[in-house]
There are 2 protein chains.
Amino acid sequence: MAIPRAAKTQRRTRIQEEKEELILEAALDIFSQNGFRGATIDQIADAAGMSKPNLLYYFRTKEAVHRQLIDRVLSTWLEPLRAFDATGDPESEIRSYIRRKLEMARDFPRESRLFANEILQGAPRIEDELKGPLKELVDEKAEVIRVWARAGKIARCDPYHLIFSIWSTTQHYADFDVQVRAVLGQAHSGDGRFEDAARFLEKLFMDGLRVR
Amino acid sequence: MAIPRAAKTQRRTRIQEEKEELILEAALDIFSQNGFRGATIDQIADAAGMSKPNLLYYFRTKEAVHRQLIDRVLSTWLEPLRAFDATGDPESEIRSYIRRKLEMARDFPRESRLFANEILQGAPRIEDELKGPLKELVDEKAEVIRVWARAGKIARCDPYHLIFSIWSTTQHYADFDVQVRAVLGQAHSGDGRFEDAARFLEKLFMDGLRVR
DNA sequence: CGATAATTTGACCGCTTGGTAAAAGCTTAC
DNA sequence: GTAAGCTTTTACCAAGCGGTCAAATTATCG
């Protein structure tokens with residue numbers, strides 16, 4: 001008699017881990033393409049190769065799936081910013097931050113779109129994460145940038161808007177991929193566009209931040 | 001006996017114009033907040049102060065509302081790019097393009113989010129516009145930028161990625177408004193953030209594009 | 001006014017949706 | 001093996017959805 005949803009026992013089964021992984025992977029596909037409201041449990045269950053009630057055996061609600069997905073993805077998503085090193089060389093730290101963010105846009109576009117969808121629609125489910133952990137991390141790194149600017153190592157600029165502009169330019173290649181490809185046309189829609197973008201962005205930010 | 005949906009007569013009524021306007025205005029609110037699938041006809045009808053069947057008297061389907069909204073907004077949205085003048089001074093043309101795009105993000109955030117939602121979800125309903133009119137316009141302006149670069153008036157750079165970066169940095173303040181506000185905190189969430197952003201972006205692009 | 005067309009509404013339909021119940025099938029440990 | 005718990009499925013429900021219909025109401029114009 002399976003009274004409880006998987007997890008009455010403290011210990012998680014092998015099957016539980018496998019299936020939850022499968023569900024989250026499928027949910028990432030569906031949520032990132034359709035947003036929370038636009039995605040259906042049936043779609044996700046289908047993509048995960050199981051029935052709807054079976055999925056609901058592992059996650060109580062659609063929101064629970066989404067919740068766990070967001071939590072998991074958020075931490076990996078902020079990794080590049082966390083790696084921003086106050087003791088490193090300013091120019092190369094910023095350069096490598098741009099490069100890493102762009103690589104993430106290329107390699108994990110679904111994760112990027114998941115967040116974009118969420119924030120675009122008012123972030124009803126992750127407001128706390130934005131105002132808490134995210135803000136704190138950005139505050140910390142903004143201070144680093146400000147110190148660099150004061151020390152004359154990079155041009156004086158608003159560190160928050162610098163971070164926003166790096167986020168937006170890099171994530172653009174994941175979130176607005178369809179538009180980018182449509183505009184570039186077939187000729188430049190290969191993976192080369194990421195290298196072109198990297199070259200352009202590095203030059204833009206390096207020249208824009210150089211002390212003059 | 002009202003056999004046809006409004007428009008059997010060639011001439012549109014005063015009421016027709018008013019109500020259609022009202023519906024599109026309400027639909028902009030709802031669609032931009034929830035995306036196409038996430039929005040319901042009931043929500044839009046409510047926001048427009050009428051019943052669902054009444055809304056469907058003016059627009060045959062939900063998609064028809066969305067369609068007309070997109071068509072209308074697209075042309076105004078591209079206005080700043082169209083205004084890009086090949087005969088003008090490169091630096092001031094680019095500077096004023098950035099400023100105008102940022103003003104649009106501030107003054108018409110719903111329009112920006114409507115597109116962002118659409119493109120994020122694969123642009124199923126506007127693919128043709130992207131590959132047709134949009135691409136042609138961008139191609140034309142990219143050529144202008146390339147000529148400027150060849151003439152040594154601005155730094156050599158990939159014109160397409162330059163345009164993408166202007167789009168993304170400016171629209172970020174509309175599309176990711178919630179995140180921007182969460183990170184900046186209450187202190188900087190006033191309208192001042194647009195002036196700060198303008199200052200930052202103008203410096204970034206001007207220094208990044210200056211011939212050196 | 002009165003007739004005709006334009007507008008609005010309430011009731012309704014078929015389908016999809018998130019979620020439940022209960023029983024059947026499967027694993028695992030003894 | 002067998003009993004206990006874990007997993008999966010079939011059948012189902014209530015609410016929400018896009019959209020229709022016909023009747024009621026209102027505006028327009030001679």
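Throughout, protein chains are lettered first and strands after them, A, B, ... in sequence-line order, and every chain is numbered starting at 1.
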Q. What integer distance in Å separates A:Leu56:CG from C:dA21:P?
A. 12 Å
Q) Do the side-chain N and O atoms of B:Asn117 and A:Gln121 include a donor-acceptor pair separated by under 3.5 angstrom? A) yes
Q. So, is B:Tyr58 close to the C:dA6 phosphate, meaning a side-chain N or O under 4.0 Å from OP1 or OP2?
A. no
Q. Would you say a side-chain N or O of B:Asn54 is under 4.0 Å from OP1 or OP2 of C:dT9?
A. yes
**Q.** Side chains of B:Phe36 and B:Glu63 in contact at under 4.5 Å (non-hydrogen atoms)
**A.** yes
Can you give me every donor-acceptor pair (side chain of residues 173-188 of chain B, partner residue at least two apart or in another chain, under 3.5 Å) with its distance?
unit_1: B:Tyr173; atom_1: OH; unit_2: A:His161; atom_2: ND1; d: 2.6
unit_1: B:Asp175; atom_1: OD1; unit_2: B:Ser112; atom_2: OG; d: 2.7
unit_1: B:Asp177; atom_1: OD1; unit_2: B:Arg193; atom_2: NH2; d: 2.8
unit_1: B:Asp177; atom_1: OD2; unit_2: B:Arg181; atom_2: NH1; d: 3.3

Q) Taking only side-chain nitrogens and oxygens of A:Tyr57, does any of them come within less than 4.0 Å of OP1 or OP2 of D:dT8? A) no
Q. Side chain to side chain donor-acceptor pair (under 3.5 Å) with B:Glu136: which residues, sequence neighbours excluded?
A. none
Q. Under the salt bridge (Lys or Arg N to Asp or Glu O under 4.0 Å) rule, what pairs show up with a residue in residues 120-132 of chain A, not counting sequence neighbours?
A. A:Arg67-A:Glu129, A:Glu118-A:Arg125, A:Glu127-A:Lys131
Q: Grab the NZ-P distance between A:Lys62 and C:dG19 for me, whole Å please.
A: 8 Å
**Q.** Residues which pass side-chain contact (heavy atoms from CB on, under 4.5 Å) with A:Ala47, listed by chain and number, not counting sequence neighbours
**A.** A:Ala26, A:Ile30
Q. A:Leu55 has an atom CG; how far is it from atom P of C:dT17, in whole Å?
A. 14 Å
Q. Can you list every salt bridge (Lys or Arg N to Asp or Glu O under 4.0 Å) pair that touches residues 23-42 of chain B, not counting sequence neighbours?
A. B:Glu25-B:Arg110, B:Asp29-B:Arg110, B:Asp42-B:Lys52
**Q.** Set of residues satisfying side chain to side chain donor-acceptor pair (under 3.5 Å) with respect to B:Thr170, sequence neighbours excluded
**A.** none
Q: Round to the nearest Å and state the distance from B:Asp42 atom CG to C:dA11 atom C1'.
A: 14 Å
Q) What is the distance from CD of B:Gln43 to P of D:dG18, rounded to the nearest Å? A) 8 Å
Distances under 3.5 Å only, N/O to N/O: pair up the protein atoms with those of nucleotides 12-15 of chain C.
none

Q. Can you tell me if the side-chain N/O atoms of A:Gln16 get under 4.0 Å from OP1 or OP2 in D:dC6?
A. no
Q. Could you state the CZ-P distance from A:Phe59 to D:dT8, rounded to the nearest angstrom?
A. 13 Å
Q. Does B:Ser51 put a side-chain nitrogen or oxygen below 4.0 Å from OP1 or OP2 of C:dT9?
A. yes
Q: Measure the distance from NZ on A:Lys19 to P on C:dT27 and round it to the nearest whole Å.
A: 10 Å
Q: Within residues 30-41 of chain B, find the residues that approach DNA chain D with a heavy atom at under 4.0 Å, and present them sorted by residue number.
A: B:Ala39, B:Thr40, B:Ile41
Q. In chain order, what residues pass the side-chain contact (heavy atoms from CB on, under 4.5 Å) check against A:Ser51, with sequence neighbours excluded?
A. A:Pro53, A:Asn54
Q.
Using whole Å, what does the distance between atom C1' of nucleotide C:dT20 and atom CZ of A:Arg60 come to?
A. 14 Å
